[in-house]
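Position 1 is the first residue of the sequence, and the numbers go up from there.
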Amino acid sequence: MGGFIPTCSNSTVTSALICIIDNAFASDSGKYWCEAGGGERSNTVNITVTAGPVILESPVLPVMEGEAVTLSCRQKKMSSLDAHFYKDGLLIGNSSTGNMTIHNVSKSDEGLYKCNISGAGESPESRLAVRGIAAK
C-alpha cells in the first residue's frame with residue numbers, strides 16, 4: 001500500500017516538501033507519509049476523500065485525556081452553518097457555527113463521529129482516538 005506521488009516539490013519558503021493531488025477521488029483515500037533518502041519516515045496521516053458536500057474536520061492523531069478537541073462541520077459552499085453532531089450514531093449536540101468543542105476529553109469520548117447539515121447532507125464518519133495520561 002502506498003506509493004510515490006510524482007507531483008511533490010520542495011518549498012523554497014518553508015523548506016518543506018509539498019505534495020498536491022489534483023482532481024482527488026474517493027479512491028485516493030488512504031494513509032500517506034513521506035520518506036527521506038536515508039530511510040527516515042514521517043508520521044502517517046489518514047486522508048479521506050468524499051464526493052459529498054459535507055466534511056467533518058477532526059484530529060487525525062490520538063488526543064491526550066484532559067485536552068479540548070474541536071470538531072468542525074464544513075460545507076463546500078458555506079463556512080458558517082447549523083450543524084448536528086453525532087457520536088456512534090447518536091445525536092450529541094447542535095451548533096450554529098459548525099463547530100463543537102469537547103472539553104476535558106476522556107476515553108469515553110472515543111468513537112465514530114459525523115455531522116449533518118440540514119439541506120446539505122451528512123459527512124463520512126471519522127474516528128476520534130484518545131490516549132491515556134502516562135503513569136509516573
Side-chain angles (χ1 to χ4, degrees):
M1 186 172 174
F4 178 71
I5 303 170
T7 56
C8 294
S9 62
N10 285 317
S11 168
T12 55
V13 177
T14 62
S15 301
L17 184 65
I18 298 170
C19 299
I20 299 171
I21 301 173
D22 288 320
N23 299 314
F25 293 94
S27 60
D28 292 313
S29 295
K31 295 182 181 194
Y32 287 81
W33 64 88
C34 294
E35 293 181 0
E40 294 178 44
R41 185 171 164 168
S42 70
N43 290 336
T44 301
V45 295
N46 192 27
I47 297 175
T48 302
V49 180
T50 178
V54 178
I55 61 168
L56 176 65
E57 296 175 356
S58 65
V60 175
L61 298 174
V63 295
M64 292 290 287
E65 282 187 307
E67 291 182 343
V69 173
T70 298
L71 305 175
S72 299
C73 193
R74 300 281 178 251
Q75 183 182 1
K76 288 180 182 177
K77 297 179 182 175
M78 297 174 63
S79 58
S80 181
L81 32 96
D82 187 28
H84 306 279
F85 291 87
Y86 298 83
K87 176 186 177 243
D88 298 328
L90 300 173
L91 180 66
I92 58 168
N94 301 315
S95 169
S96 61
T97 64
N99 297 322
M100 186 184 79
T101 301
I102 304 170
H103 298 280
N104 198 23
V105 172
S106 69
K107 286 292 233 178
S108 66
D109 292 310
E110 281 190 325
L112 292 173
Y113 288 81
K114 65 182 176 181
C115 65
N116 182 293
I117 298 171
S118 185
E122 189 172 89
S123 72
E125 290 184 318
S126 180
R127 177 164 295 282
L128 178 67
V130 179
R131 286 186 299 168
I133 299 172
K136 294 186 180 189

For this session: Give a yes or no on whether V105 and L71 share a hydrophobic cluster (residues Ile, Leu, Val, Met, Phe, Trp, Tyr; joining criterion: side-chain heavy atoms under 4.5 Å apart).
Result: yes
For this session: Following the transitive rule for hydrophobic clusters with a side-chain heavy-atom cut-off under 4.5 Å over Ile, Leu, Val, Met, Phe, Trp and Tyr, establish whether I92 and L56 coincide in one cluster.
Result: yes
Ignoring hydrogens, what is the shortest heavy-atom contact between [X] and [Y]? Give both atom names and the distance.
{"X": "A68", "Y": "H103", "answer": "CB-ND1, 4.2 Å"}
{"X": "P62", "Y": "R131", "answer": "CB-CG, 3.5 Å"}
{"X": "F85", "Y": "C73", "answer": "CZ-CB, 3.9 Å"}
{"X": "K87", "Y": "E110", "answer": "CE-O, 3.1 Å"}
{"X": "E65", "Y": "G132", "answer": "OE1-CA, 3.2 Å"}
{"X": "Y113", "Y": "I102", "answer": "OH-CD1, 3.8 Å"}

Seminar exercise, completed: side chain to side chain contact (heavy atoms under 4.5 Å, CB included) filter on D88, not counting sequence neighbours, yields L112
Exercise. For A83, does its backbone N or O pair with a side-chain atom of S95 as donor and acceptor, under 3.5 Å?
Worked result: no
Problem set entry | Interatomic distance, S126 atom OG to K114 atom NZ [nearest 0.5 angstrom] | 12.5 Å
Exercise. What is the distance from atom CZ of R74 to atom CD of E57, rounded to the nearest 0.5 Å?
Worked result: 5.0 Å
Exercise. Do the non-hydrogen side-chain atoms of D82 and S118 ever get within less than 4.5 Å of each other?
Worked result: no
Exercise. Is there side-chain contact between V69 and S58, with heavy atoms separated by less than 4.5 Å?
Worked result: no
